[in-house]
> 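Before I ask anything, here is the structure I am working with.
First the proteins, then the strands, lettered A, B, ... as listed; each starts at 1. Everything numeric in this text was worked out from a predicted model, so none of it was measured.
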Amino acid sequence: MSRGVLLGLPWYGLRRSLRVILALVSLAAWAAAFAAVHFSRSRWPDGWLVGAALLALWLALMGLLLSSTLLPALDARRLCLPRLQRVAVRSLLLNGALLLTLTATPLAVFSGHPAPVAEILLMGLAVGVAYGLWPLLWMFPLWLGIPLLQLVASLWHWRLISPLDPRFIEVCLAVVTVAVTVSARNWRRVLRTGPGELKWGMRPIILNFHVSRHALSGTGAALDQQIRVARQVPEWLLPQAAVGEAGPQKMPRALRVMLGGLYLPVTWRSRLRRLSVVGVIFASGTVFLLPLGLHAGWRWSAVRPFVALAFIFGPGMAMAVGTMARSQHLVQRWRRPGGELAVLALLPGLGGRQEQRARLLRLLGEQLRNWHAPLLALAVFAVLWLGAHGAAIGLLLLVLALAPLTEQAVIYSTLGRRLLPAWVCQPLLLLGIATYVGGLNVVALMMMRPGLDAMVPPLVVACAVCYGALLALAVRGQHALRCQAHPYLILE
Amino acid sequence: MSEASSGYLPLLARGLWHSYAQHAALRGVDLQVPQGRVLGLIGRNGAGKSTLIRALLGLLVPNKGYAEVLGEPALQLTDRVKERLAYVPQQPEAFPWLTAEQMLTLLGRFFPHWDAPFAREMLTRWQIPATRPLAKCSPGERQRVELIRGLASRPQVLVLDEPAAALDPVARRDLLREVALRAGEAGCTVLFSTHIVSDLERVASQIALLHEGRVLLHCDLDDTKERYARLWLPPRHTSAAPVAALSRRAQADGSMTLVIERDSHGEWPLAAQLPGARLDTLALEDLFVEIAA
C-alpha cells in the first residue's frame, strides 16, 4: 500500500466544501495560536498556554475526523479484506503521529515549553479520536460528566495541576491511556458487531456524523440514510404528531402536520421529552456554573460574566440551531419528488395560487417569529439587566437578527426555487457564521471588559454585507415565487 | 356534466420538453388518455416516465409544452379537479412522522368522497400496522399505505408511478385487480407507469412506450400484435429498409432487423415484401425489448 493512500485515507470521504472549511479553520487556529504564543513573550505570560489549548482543540477536531478511518475498516471487514482493515489502522496511526509531530515541534520550539506543549497536544488528539469512536448515547453522560467532575473537584478543593508542574505528565498519561483504551475497545466492538446490527444509540459518533453530513445535501442518498436512521431510532424517541382536528377547518395546524420537522405540532408527551432534553442541557450548564460560583465564594461580580455568557450564547445558539434545522428541513422537503410536496400540490381545499402562497408564507413566518422572538427578547433583556451599554445591545441585536433573516431568505429562495449555487452559498455562509459567532463573542467580551468599542465597526460592516446579501436573496426568491404557478413545485 | 360529454380528456400532454442539467428527460412528448381507459406507460429506467407524470400533474414546470388534467392546465388545478385526482409516487416518502392511521385520517378530511371504511378495510387486509410511524414501516408497507390513500379518495383520474415496484406478488395482484375494477365499474381513468410487462398485459387497455424522452408507440394493447412487427432484411436489401422504423439494428452478418408499423391504410412497408425479407409478430415484451434495448 502506497504512502499516499495511507495518508489520504481519512480525508477521501470529506466533501470538497468541508475540506475548504477545514483548511480555513486550521489556518485560523494556527494563526491565533502562534499570535497568542508571540504575545506571551511580551505582555501575556499565559499566552503560550492559550496557544497550546487552541491547537489542542484543533487537534481534537482532526482526531475526530481521523476516527473516520473506521468506515474503510468496516467496509474491509464486510468485504473480508483483512489487509485493508490493517491499512485503516495504520493510516489512523500515521496521520495522528504526523499531525502531532508537525504541530508540536514548531509550537514547542516557539513557546519555549516543549514538554507541556507536547503533552497538551497529545491529550487533544487522543481525546478527539476517542470522542469520534464514542457511542452516541453515551455522549450525554459524557457531557454531563465533565461539569460534574468539575463540581466534585471544586467541592473537594481539588486544584488543577499546572502544565508546568512535573506531575502534569502523570495526568497526561492517565488521560491518554483512558482515551486510547476507549478508542481501541470501541473500534473492536463496532468491527465485531457490524454497523447494521448496532443499535442506534450504540453507533459511534463518527458514523452518525457521516449520516448527518449527507443529510445536509438533501439528495437521494441522504434520504435513504435519513430513513435508515429513523428506523433505528427507538419509537419512543420519534416525535408523536398531535393531528387532532387538523384539516380544512384548521388549516394552519394541518399544514404544520404536513410540513413536519420543527413545524410539527406534537403531543404533550413528546413536548415533555423535548423539554427534558433542554432541561438536561440547562442543568449541565448550571452544574458547570456551580463550581465557578463556589470558587468565587458566590460573589455576584465573579459569577456575572458567566451568567452573561449563558444569556448571550444560549439564545444565540438556539436561534442559530433553529434556523439551520428548519432551513435544512424545508430544502429537503422541496427536493423530494416522492414526499409531502406532491401531496400538498394536489390537495384540494388549499385555495388558489395566491391563497396557497399567502397561507404557506403566513405559517412559515409565524413559526419563525414564535421561535426567534422570545429568544431574542430573552437575550436583549438579560444583557440589559446585566448592565450592558448601548453599543453592546445594538451589536447583539444586529448579530442575532441574522438568524431570522437567514431563515426568511431561505424560505423565499426555496419556495421560489431560487437557491444559490454552492460556490456563492458557501462563502456567504462562512461569512455569516464568522460574523454571528464573532459578534456574540465580542458582545460577551464587551460585557466583561469595557473599552472594546473599536471592535464594533468591522462587525457592523460584516453584518451590513450579510444583510445586503440576505435581502437580495429574499427579494429574488419572492419575485420568483410570485411568478410561479404554485408554491409546491419541486426544486430541481 | 361528465368529461366525456364536455369533450375534454382526463389527461393530456402537448409537446412536453424537459431537461435536468445537460440531460433531456422529455423531448416533445404528446400523450392523451381518454375517459375510462387504463394507460400503461412503459419504458426503461431513466426513459422519462416519472418526469412525464410529474409534468402531466403540474408538479414540475416543463421547459416547453403544455399539460391538462380534466380540462384544466396542470399547473393551475382547481379544487374541483384535485378532488377527483389521485397520484401515488414511485417511492412514497411522505409524512414519515405520522402513523398510517393519522395520515389517512388527516388527508381524508380534505376529500369530499373519501371512503373511510375502504381505507380501514384495506389496512386490515394488507396487514399494515395502523399505529406504527410510517418511518418504521418497510418500503412495501409504505407503498401500500400510499395506494390506499390514492384509492380511498374515489378518484376519477388515478395516476400511479411504478406502483408495484415494492409490492409482493399477492399485493401486486390485489392492486391490479382493484385498478381493473375501478376502471371497469367506476369509469376511472388510470395512468400507470411500469417496466413489468406482465402487469401491463393484465390491466392496461392502452400502452404508451416511452424511450429516451419520446413516445415511440401509443396504441390499444390489443392492437400491438396486429400493428407492429419485426422485419428482418437480408444483407442485400438493407438499403431498402424503411426510414420510418421504430428501431433498427444492424446484425454482424450484414443483415438488419427493424420494428415497423402498418401505415394509415393498414399496409406494411414495401420492404416487407422483398424476397428473403421475414416478418415476425411480436409479443408485448419482445416488442418492448426490440424497441428499447
> Closest heavy-atom contact between B/Glu93 and A/Glu340?
O-OE2, 3.5 Å
> To the nearest 0.5 Å, tell me how far B/Leu106 CG sits from A/Lys250 NZ.
13.0 Å
> Counting only heavy atoms from other residues, nucleotides and ligands, does the tally under 6.0 Å from CZ of A/Arg269 exceed 12?
no
> For each of B/Ala94, B/Pro89, B/Ser153, tally heavy-atom pairs with chain A at distances under 4.5 Å, and name the one with the top tally.
B/Ala94
> What heavy-atom pair brings A/Ala254 and B/Phe110 nearest, and what distance separates the two atoms?
CB-CZ, 3.9 Å
> Are more than 12 heavy atoms from other residues, nucleotides or ligands located less than 6.0 Å from atom CZ of B/Arg44?
no
> Between A/Leu346 and B/Lys82, which heavy-atom pair has the shortest distance, and what is it?
O-CB, 3.5 Å
> Need one label for B/Glu83: side chain, backbone, both or neither, based on atoms under 4.5 Å from any heavy atom in chain A.
both
> For B/Arg54 and A/Pro337, indicate whether the former's side chain and the latter's backbone hold a donor-acceptor pair under 3.5 Å.
no
> Please classify the contact between A/Gln356 and chain B as side chain, backbone, both or neither, with a heavy-atom cut-off of under 4.5 Å.
side chain
> Is B/Phe111 close to A/Leu347 at the side-chain level, that is, under 4.5 Å between some pair of heavy atoms?
yes
> Say whether, by atom type as modelled, one donor and one acceptor occur between the side chain of B/Trp97 and the main chain of A/Leu238 under 3.5 angstrom.
no
> Indicate yes or no for a side-chain donor-acceptor contact from B/Gln102 to the backbone of A/Ala241 under 3.5 Å, with no hydrogens or angles considered.
yes
> Could you tell me which portion of A/Ile490 (side chain, backbone, both or neither) has an atom closer than 4.5 angstrom to a non-hydrogen atom of chain B?
both
> Take a 6.0 Å sphere around CZ of A/Arg353 and say whether it holds more than 12 heavy atoms from other residues, nucleotides or ligands.
yes
> Measure the CG-CE distance between B/Leu107 and A/Met258 for me, rounded to the nearest 0.5 Å.
6.0 Å
> Is any side-chain heavy atom of A/His486 closer than 4.5 Å to a side-chain heavy atom of B/Leu77?
no
> Report which part of B/Leu98 has an atom under 4.5 Å of a heavy atom belonging to chain A: side chain, backbone, both, or neither.
side chain
> For B/Phe95, is it the side chain, the backbone, both or neither that has a heavy atom under 4.5 Å from a heavy atom of chain A?
both
> So if I apply the side-chain contact (heavy atoms from CB on, under 4.5 Å) rule between A/Val243 and each of B/Met103, B/Arg109, B/Glu101, which one comes out positive?
B/Arg109
> Picking from A/Gly260, A/Ala342, A/Ala345, which has the most non-hydrogen pairs under 4.5 angstrom with chain B?
A/Gly260
